Amino acid sequence: MLTAISLASACLPAAGADEWEVILERDGIVVSRRSVEGQGLPQLRAVGEVPGTPFEVLAVLLDVPEHVAWRPDCVESRIVRRISHWRSRTYTRIRTPWPLADRDVVVENEVLFIDPPSEVKVTFQAVAAPEVERGRHVIRMPSVTGSYSIEATQDGRSRVHYELEADPGGSLPDWFVAIQSARNPLRTLAGLRQQLEKTRGRYDENIAEFPQGADSSRK
């Protein structure tokens, strides 16, 4: 559901462990990467401000079918199982240019109301879901994990920290990896900005039902 999946995590030279290396800055969005101890794939991060409160950002993220309107290369997004009010499993299919095979993934998501309404977080992790049919000629991604951390700044705006580790499976050519490494995290936050502008006011009823205390985060 909430993954803005980059297929470019594989095969990238990365900075030292625990050190974020900035690889792109544009329109107030900073994209970085770092190596992870014990992992062969780097972690990606995009940080930037968006026009909306944390609850408005969360409402956009929770509108799963609408992800096709703003997430980069997302051609299908749907809920496959609701575990609880703030936990779910969702299916995402990502388009890749011909002749590369599309990727898909099922992730389990959880919403954490850390200091509502000023700070919320959404975590996601790939899960084995053999019951969810894979499209023809589509590669199921073996590993995806990450989060959106959303904090209020001022004047109805929020700072979003989007982090992702992903193994796209199969093999990808170097040219594709090089292009996608910085572009997808950047496009994720840029798309989120645009969607927040387009949908302002659409989710007011949903937002009214969000909990105002951290003790409600797992209900």
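Every value quoted in this text rests on a predicted model; they were computed, and no experiment measured them.
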Sequence neighbours excluded, which residues qualify as salt bridge (charged side-chain N to carboxylate O under 4.0 Å, His left out) partners of [X]?
| X | result |
| --- | --- |
| R45 | none |
| R159 | E49 |
| R26 | none |

Through direct or indirect side-chain contacts below 4.5 angstrom among Ile, Leu, Val, Met, Phe, Trp and Tyr, which residues connect to V30? V22
Could you check whether any side-chain heavy atom of [X] comes within less than 4.5 Å of a side-chain heavy atom of [Y], counting everything from C-beta outward?
| X | Y | result |
| --- | --- | --- |
| R71 | S77 | yes |
| R140 | V138 | no |
| V57 | V120 | no |
| L58 | F113 | yes |
| T188 | P72 | yes |

[X] and [Y] ion-paired at < 4.0 Å:
| X | Y | answer |
| --- | --- | --- |
| R33 | E21 | yes |
| R193 | D27 | no |
| E56 | R200 | yes |

With sequence neighbours left out, write down each residue that passes side chain to side chain donor-acceptor pair (under 3.5 Å) with [X], or none if nothing qualifies.
| X | value |
| --- | --- |
| R134 | none |
| E108 | R87, R89 |
| E76 | R78 |

Using the test side chain to side chain contact (heavy atoms under 4.5 Å, CB included), find all partners of [X] that sit at least two apart in sequence or belong to another chain.
| X | result |
| --- | --- |
| E119 | I114, D115, E151 |
| V75 | R93, R95 |
| I139 | A101, R103 |

Please name all residues satisfying ring-ring contact (aromatic ring centres under 6.0 Å, His included) with F210, sequence neighbours left out, ordered by chain then number.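 Checked F210 against ring-ring contact (aromatic ring centres under 6.0 Å, His included); matches are F55, W86.
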Looking at V160 and V50, what are the two nearest heavy atoms and their distance? CG2-CG2, 3.8 Å
Tell me whether I79 shares a hydrophobic cluster with I83, the cluster being built from Ile, Leu, Val, Met, Phe, Trp, Tyr side chains joined at under 4.5 Å.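 No, it is not one cluster - the side chains of I79 and I83 are not joined through contacts under 4.5 Å.
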Hey, what do you get for CG (N184) to CG (D73), rounding to the nearest 0.5 Å?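 Answer rounded to 0.5 Å: 5.5 Å.
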Look up atom OH in Y203 and atom CG in L196, then write down how far apart they are to the nearest 0.5 Å. 9.0 Å
Give a yes or no answer on whether the side chain of S158 reaches the backbone of G52 with a donor-acceptor pair at less than 3.5 Å. yes
